[in-house]
There are 2 protein chains.
Amino acid sequence: MNQNLLIWDLWLPLVINFCLSIFVYCMTVRLIPKLTDKFLKANLFGIDVNKKSRNKVPEAFGVVVGCIYLLALFFFIPVPFGRTFISDDNFPHHEFVELIAAMLSICCMLLLGFADDVLDLAWRYKLLFPSVASLPILMVYFVNFNSTIIMVPLPARAWLGAASVNLGMFYYLYMLLTTVFCTNAINILAGVNGLEAGQALVIACSVTVFNFIELAGPLYKTHQFSLYLMLPFIAATAALLKHNWYPSKVFVGDTFCYFAGMTFAAVGILGHFSKTMMLFFVPQIFNFVYSVPQLFHFVPCPRHRMPRLNKAGLLEASRFQVSTQNMPFLSRFILKVFSLFGLIDRQDESKMAQVNNMTLINLILIWCGPMREDKLTMALLLVQVSCSCIAFMIRYPLASYFYDVPVM
Amino acid sequence: MNQNLLIWDLWLPLVINFCLSIFVYCMTVRLIPKLTDKFLKANLFGIDVNKKSRNKVPEAFGVVVGCIYLLALFFFIPVPFGRTFISDDNFPHHEFVELIAAMLSICCMLLLGFADDVLDLAWRYKLLFPSVASLPILMVYFVNFNSTIIMVPLPARAWLGAASVNLGMFYYLYMLLTTVFCTNAINILAGVNGLEAGQALVIACSVTVFNFIELAGPLYKTHQFSLYLMLPFIAATAALLKHNWYPSKVFVGDTFCYFAGMTFAAVGILGHFSKTMMLFFVPQIFNFVYSVPQLFHFVPCPRHRMPRLNKAGLLEASRFQVSTQNMPFLSRFILKVFSLFGLIDRQDESKMAQVNNMTLINLILIWCGPMREDKLTMALLLVQVSCSCIAFMIRYPLASYFYDVPVM
């Protein structure tokens with residue numbers, strides 16, 4: 001790359017973005033405490049059930065974080081295109097529309113998330129909203145790339161008789177499902193102070209590291225685009241985490257989970273690394289699969305599955321009751337398999353069994369024993385960080401065994 | 001124009017947009033009553049002060065209307081570009097980004113409006129929010145057109161020595177102020193059942209008629225773009241008006257006023273007819289100028305300036321008190337000038353004078369006498385319709401005396 005181009009096109013926008021991110025952090029950190037009263041007055045609060053005090057904690061602060069993030073990006077819009085204004089190059093409309101469409105999807109998800117927090121909408125909307133909000137980015141993907149070909153891993157090529165497969169419409173379905181998954185995944189792995197913002201921060205940092213590594217590669221443009229969205233996101237989320245950390249002074253709300261999920265989905269899809277992105281979501285994927293028996297009511301599912309506060313002030317796994325007599329075959333089978341792998345803790349009583357609710361949070365509590373809430377969040381974030389490390393190992397040294405060209 | 005092109009490019013997207021608009025109307029009409037309980041439960045309600053019953057009326061339904069409108073537009077995104085998918089033409093990224101940027105500005109304004117309704121934010125945000133939310137459309141205007149030249153009217157040309165003037169940066173400032181004005185104008189002319197939605201509907205219909213006339217002209221593309229946004233807006237607003245009409249079952253909230261204002265601003269700016277758009281806002285401009293002495297506290301301004309219910313169940317003009325002794329020169333001058341033009345009704349008592357609050361609503365009540373709320377809304381909408389008719393007269397027969405080329 002030309003030395004001049006390298007500075008103007010690659011690093012200057014990133015440096016400006018970084019400065020803007022510092023501004024986002026400072027503004028968010030200062031604005032959150034100023035708005036708590038407004039939220040309480042607007043009846044937007046939750047009760048922190050894992051505290052003895054059971055204080056009202058203002059809820060849905062994702063909307064504040066998301067708005068500051070969007071406003072910062074609005075001011076950033078002209079920056080990546082600065083050089084084309086003063087040179088005679090054609091204006092890169094296709095790059096411009098990517099940025100605008102990503103913001104539109106994020107803004108739409110933020111609006112729907114906040115509406116959900118305020119109005120407490122039905123469950124079906126949690127699947128409908130992200131599907132609709134993702135349409136602008138899918139449309140831009142279709143117009144700008146429309147690449148629906150995936151590489152087949154080397155060992156499978158002889159079997160399939162091809163080095164690549166064109167998934168066509170199914171690739172769009174996959175991207176749509178990715179969006180729905182991302183927007184809900186963080187929401188499902190939640191319920192402990194600082195966990196939602198913490199996991200989003202770890203994922204965002206992992207994506208950022210990945211983007212910086214790939215800046216040296218041939219697809220540097222798309223990774224630069226991803227960084228534009230990720231750096232201010234890290235700043236906004238870090239500021240939120242500061243106030244959301246144990247003991248939480250504010251709650252993030254569904255708004256934040258939707259906002260974060262859509263940002264990751266937009267970055268993964270338009271940055272062409274939706275598969276690598278999924279590697280950073282392994283704890284969420286595990287938590288979702290682990291929760292399936294309860295979510296689909298194959299085994300009983302109580303209204304809340306959060307850990308509960310014991311008398312020592314520590315959190316311990318919450319449990320559901322199941323009758324050991326007349327247990328349907330499917331439930332019996334699931335409990336058998338799960339206990340074979342040490343994934344559940346079953347305490348049999350006369351006619352009933354007490355089994356822990358199937359979430360990653362409860363699993364950690366069963367494996368490590370009861371602990372204080374902040375220790376639990378730390379443990380869960382440690383799992384997230386470890387999974388990101390493993391993801392990098394899969395993505396770099398291991399992928400070369402399965403693919404002869406770099407994968408996305 | 002080629003016959004084939006005419007059908008494919010011009011009319012087919014409009015017909016699809018029209019069908020989508022019918023769907024928007026049906027869906028909005030049905031969804032609003034279903035959501036009233038949710039809004040009341042979320043503490044989003046207002047008291048209808050112009051009714052004896054003083055019922056709780058759910059507030060901020062602009063968010064429902066706006067979300068349905070946006071979702072419909074999301075599904076519409078691919079339609080105008082359908083032909084380029086099956087032909088070998090280059091994809092018109094510049095048109096694509098206009099649509100996406102307009103939606104981004106509208107979505108952002110909807111989010112900020114809803115946040116304002118829920119959290120009841122300070123006054124300064126009412127100026128800040130639209131300024132920021134308009135950045136995407138201004139950026140697209142800069143990239144796609146960057147035409148900051150305005151035609152000078154014929155009589156002024158000899159004096160200025162030029163047929164056109166390049167306003168440069170000031171044109172962008174003008175567009176920014178237009179956006180701030182549009183988003184707040186409807187909000188200021190409000191307080192009577194059905195008025196906000198009604199005036200927005202009249203303006204939208206006027207814009208639509210104008211666009212259809214101009215479809216035959218050389219700039220048909222931009223007017224077609226405007227229609228894409230206007231037809232579903234008319235549908236959504238008509239549905240809202242059905243429930244917001246006297247006696248209101250729902251209130252529209254700041255959300256709707258912001259949403260409507262930003263939609264008009266986006267259409268006016270990206271459709272290149274921001275000056276014609278202002279002609280349709282004459283009642284709002286009059287109301288704003290008329291309100292200035294109170295808004296800037298040159299004369300006293302009570303907290304609410306809405307008309308009040310008299311004992312006969314009719315609405316009459318609300319009033320403010322002003323001391324006739326020691327009245328500052330500026331107040332005395334303003335009241336003198338206004339009463340010279342018959343714009344205020346002043347009732348002098350011993351040391352005080354009772355003057356009507358300076359809004360178009362109160363002015364109508366003074367000119368026509370007390371009337372029932374729905375009659376008042378009808379009268380105000382009639383004013384709006386008359387002003388639109390005058391606007392068309394200014395725009396078409398009159399403009400040819402002042403300009404030798406069509407103006408925008």
Side-chain angles (χ1 to χ4, degrees), chain A residues 35 37-39 41-44 60 63-64 66-67 70-78 81 84-85 91-115 117-122 128-129 132-136 138-140 142-144 146, chain B residues 35 37-39 41-44 60 63-64 66-67 70-78 81 84-85 91-115 117-122 128-129 132-136 138-140 142-144 146:
Chain A
L35 286 171
D37 284 346
K38 290 241 178 244
F39 275 70
K41 222 171 128 187
N43 248 17
L44 278 171
V63 73
V64 177
C67 283
L70 274 179
L71 299 192
L73 279 188
F74 275 19
F75 282 104
F76 181 73
I77 297 174
F81 312 102
T84 59
F85 298 146
F91 186 80
H93 272 105
H94 60 284
E95 291 175 23
F96 185 42
V97 78
E98 277 180 31
L99 194 57
I100 303 276
M103 279 192 250
L104 176 56
S105 285
I106 294 169
C107 183
C108 183
M109 205 64 239
L110 199 57
L111 169 63
L112 297 174
F114 188 52
D117 266 332
V118 172
L119 300 173
D120 199 14
L121 300 173
L128 179 72
F129 283 168
V132 178
S134 67
L135 290 180
L138 293 186
M139 179 72 191
V140 168
F142 177 70
V143 167
N144 279 10
N146 195 19
Chain B
L35 286 171
D37 284 346
K38 291 240 179 243
F39 276 70
K41 223 170 127 187
N43 248 18
L44 278 171
V63 72
V64 177
C67 284
L70 274 179
L71 299 193
L73 278 188
F74 276 18
F75 283 104
F76 181 73
I77 298 173
F81 311 103
T84 59
F85 298 146
F91 186 81
H93 273 105
H94 60 285
E95 292 176 22
F96 185 42
V97 78
E98 278 181 32
L99 193 58
I100 303 276
M103 279 192 252
L104 176 56
S105 285
I106 295 170
C107 184
C108 183
M109 205 64 240
L110 199 58
L111 170 63
L112 297 175
F114 189 51
D117 267 332
V118 172
L119 300 174
D120 199 13
L121 299 173
L128 179 72
F129 283 169
V132 179
S134 67
L135 290 179
L138 292 186
M139 177 74 191
V140 169
F142 178 71
V143 168
N144 279 12
N146 195 20

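Side-chain atoms are counted along with the backbone in the values below, which use heavy atoms only and exclude waters and symmetry mates. Letters go in sequence order (proteins before strands), and every chain restarts at 1.
Both the backbone and the side chain of A/F39 come within contact range of chain B, judged by heavy atoms closer than 4.5 Å. Heavy atoms closer than 4.5 Å to chain B are found nowhere in A/K41, neither backbone nor side chain. With a 4.5 angstrom heavy-atom cutoff, A/L44 touches chain B only via side-chain atoms. With a 4.5 Å cut-off on non-hydrogen atoms, B/D120 touches chain A through its backbone but not through its side chain. For A/C67, the part lying under 4.5 angstrom from a heavy atom of chain B is the side chain only. For A/V63, the part sitting under 4.5 Å from any heavy atom of chain B is the side chain, from C-beta outward, and nothing else.
For chain B, the option among A/C108, A/P136, A/A42 with the highest count of heavy-atom pairs below 4.5 Å is A/P136. Each of A/L70, A/V143, A/L35, A/L71 has some count of heavy-atom pairs under 4.5 Å with chain B, and the biggest count is that of A/V143. The greatest number of non-hydrogen atom pairs below 4.5 Å with chain B, out of A/H93, A/H94, A/M103, A/K38, is found for A/H93. Heavy-atom pairs under 4.5 Å with chain B were tallied for A/L121, A/I106, A/L119, A/V140; the largest tally goes to A/L119.
Here the straight-line distance linking atom CZ of B/F74 with atom CG of A/L135 works out to 7.0 Å at 0.5 Å rounding. Separation of atoms CE (B/M139) and CZ (A/F96) is listed at 4.5 Å; rounding is to 0.5 Å. Atom CG of residue B/L99 and atom CZ of residue B/F76 lie 7.0 Å apart, to the nearest 0.5 angstrom. Separation of atoms SG (A/C107) and CD1 (A/I100) is listed at 11.5 Å; rounding is to 0.5 Å. The CG atom of A/L104 sits 10.0 Å away from the CG atom of B/L73 when rounded to the nearest 0.5 Å.
The shortest side-chain heavy-atom distance between B/F91 and A/V97 does not fall under the 4.5 Å cut-off.
The only option from B/L138, B/N144, B/N146 that meets the side chain to side chain contact (heavy atoms under 4.5 Å, CB included) definition with B/F142 turns out to be B/N146.
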